[in-house]
Number of protein chains: 2
Amino acid sequence: MIVNSTPEGSAPRRRSARGEAARERILHAAVEAFAKDGYQGCSLARIASEVGLSQAGLLHHFPTKEDLLAAVLEERDRLDTRRFLADGAEGIEILTALEKLVEYNTYLTGMVQSFTVLAGESTADLHPARDWFQSRYETVRTMIAAELRKGVERGEIHPDTDCTAIAAEIVATIDGLQLQWLLDPKKVDMPTLFRNYTTRLRTAIST
Amino acid sequence: MIVNSTPEGSAPRRRSARGEAARERILHAAVEAFAKDGYQGCSLARIASEVGLSQAGLLHHFPTKEDLLAAVLEERDRLDTRRFLADGAEGIEILTALEKLVEYNTYLTGMVQSFTVLAGESTADLHPARDWFQSRYETVRTMIAAELRKGVERGEIHPDTDCTAIAAEIVATIDGLQLQWLLDPKKVDMPTLFRNYTTRLRTAIST
DNA sequence: GTCTATACTTTGATAGAC
DNA sequence: GTCTATCAAAGTATAGAC
């Protein structure tokens with residue numbers, strides 16, 4: 001429904017420098033607002049005032065609240081993809097890359113919180129982001145599973161490993177740890193807990 | 001804030017049979033409504049009409065929406081505790097009990113979805129259920145860690161196991177799998193994935 | 001215990017001036 | 001591109017009759 005509502009492949013947006021900056025600022029404020037109150041819990045007026053705009057002014061850049069949500073999700077996709085491809089980890093090295101990602105997320109409280117709230121909300125049947133999250137998880141699982149399989153081919157990983165299952169499990173662990181970390185950052189050392197997990201996983205599936 | 005807003009230890013509620021039934025029905029409808037639209041996304045009027053009441057009629061039983069939320073959370077606590085204590089699993093057997101719990105949750109879509117949505121929402125700083133979830137996770141982690149430690153004492157589990165870390169990891173895996181399962185029940189076989197995880201964990205920490 | 005009626009607030013979105 | 005003004009809708013909560 002909301003996925004690809006702005007085709008990635010379209011021509012580069014021609015906008016004035018000022019307009020581009022406003023768009024960016026709004027986007028950033030939206031991430032923070034979604035994190036603070038969730039999508040349903042925050043108002044456009046609040047986001048607008050955060051960047052020194054009126055509500056109507058904001059709606060000039062994003063015609064509806066749902067458009068703003070879509071833009072936030074795309075932005076996240078863009079960042080994640082870039083970061084993930086940049087790493088270029090292959091085979092079992094994917095685990096190390098994920099450890100780094102989790103470590104890195106510690107510094108992105110807003111983004112992580114925003115996505116934890118949105119992901120939870122999105123399981124509601126009619127939520128505008130449901131389709132996006134569904135296909136996103138599918139994609140991420142597939143990507144990780146593919147690398148694990150490459151690890152099997154290379155002889156790094158034991159052949160009778162259920163790569164699909166492990167992929168889902170890894171993603172689950174990351175999400176679950178994020179939730180506990182957000183609720184209690186002082187008591188939950190997310191990166192360490194995840195490394196604890198991957199270390200055990202590594203020895204279990206390595207040849 | 002919201003935790004223990006109705007002290008568990010108070011005298012058994014004296015209410016007419018009809019009144020009790022209404023309360024129960026409302027509570028049940030609320031769980032479903034929170035699951036469908038989240039706490040912020042659903043209206044009291046909708047819940048009320050679901051049980052054949054007017055909105056004002058509902059507010060007679062739960063004076064505010066937040067009171068209703070509190071009651072739902074307490075109910076969940078009650079059910080979980082009963083179910084968990086009933087099992088009476090000790091030491092490493094806690095893993096088997098958790099496998100059963102996850103399997104059982106497959107049939108409680110409403111409850112699970114409701115809690116996934118609420119947990120996500122609750123990471124928002126000002127959410128009325130934040131304190132409840134924070135302390136609940138703390139409690140659950142502590143309970144599981146305690147059983148694991150008992151397993152160490154009994155010689156079932158390897159002595160240099162970080163029981164606290166494993167406890168957080170287990171909870172994280174359960175939550176994360178629930179999220180993926182709710183978004184795509186056909187592609188994500190939650191109980192099998194969890195058993196896949198616990199099986200590996202069991203052999204890793206067993207003596 | 002339940003209803004109708006209503007007060008009050010907030011929200012997303014539109015119209016049109018500048 | 002941004003604003004003011006405004007709308008219509010929906011939400012929580014209260015008052016008071018039955």
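Throughout, a chain's letter reflects where its sequence line sits, starting with A, and its residues are numbered from 1.
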Base, sugar-phosphate alone, or nothing: which one does [X] contact when heavy atoms must sit under 4.0 Å apart?
{"X": "G41(A)", "answer": "nothing"}
{"X": "S43(A)", "answer": "sugar-phosphate"}
{"X": "L44(A)", "answer": "sugar-phosphate"}

| query | With distance as the sole criterion, do the side chain of Q55(A) and the base of dG12(C) form a donor-acceptor contact below 3.5 Å? | reply |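 Present.
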Can you measure [X] atom [atom1] to [N] atom [atom2] for me and round it to whole angstrom units?
{"X": "D37(B)", "N": "dA10(D)", "atom1": "CG", "atom2": "C1'", "result": "14 Å"}
{"X": "F62(B)", "N": "dA13(D)", "atom1": "CZ", "atom2": "C1'", "result": "16 Å"}
{"X": "R25(B)", "N": "dG1(C)", "atom1": "CZ", "atom2": "P", "result": "12 Å"}
{"X": "E66(B)", "N": "dG11(D)", "atom1": "CD", "atom2": "C1'", "result": "15 Å"}
{"X": "I47(B)", "N": "dA10(D)", "atom1": "CD1", "atom2": "C1'", "result": "15 Å"}
{"X": "K65(B)", "N": "dT14(D)", "atom1": "NZ", "atom2": "C1'", "result": "18 Å"}
{"X": "L58(A)", "N": "dG12(C)", "atom1": "CG", "atom2": "C1'", "result": "11 Å"}

Check: Can R149(A) and T161(A) be counted as having a side-chain donor-acceptor contact under 3.5 angstrom?
Finding: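 No, T161(A) and R149(A) have no side-chain donor paired with an acceptor closer than 3.5 Å.
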query: Thinking salt bridges, do R78(A) and E75(A) make one under a 4.0 Å N-O criterion?
result: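 E75(A) and R78(A): salt-bridged.
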Any idea which of [options] is nearest the [X] side chain?
{"X": "L53(A)", "options": "dT2(D), dT4(C), dA15(C)", "result": "dT2(D)"}
{"X": "H61(B)", "options": "dC3(C), dT14(C), dT2(C)", "result": "dT2(C)"}
{"X": "L59(B)", "options": "dG12(C), dT4(C), dA13(D)", "result": "dA13(D)"}

What distance do [X] atom [atom1] and [Y] atom [atom2] have between them, rounded to the nearest 0.5 Å?
{"X": "L183(B)", "Y": "R136(A)", "atom1": "CG", "atom2": "CZ", "answer": "12.0 Å"}
{"X": "R200(B)", "Y": "E169(A)", "atom1": "CZ", "atom2": "CD", "answer": "4.0 Å"}
{"X": "I157(B)", "Y": "L95(B)", "atom1": "CD1", "atom2": "CG", "answer": "7.0 Å"}

Exercise. Think H60(B) has a side-chain N or O under 4.0 angstrom from the OP1 or OP2 of dC3(C)?
Worked result: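 Checking dC3(C) against H60(B), no side-chain N or O comes under 4.0 Å of OP1 or OP2.
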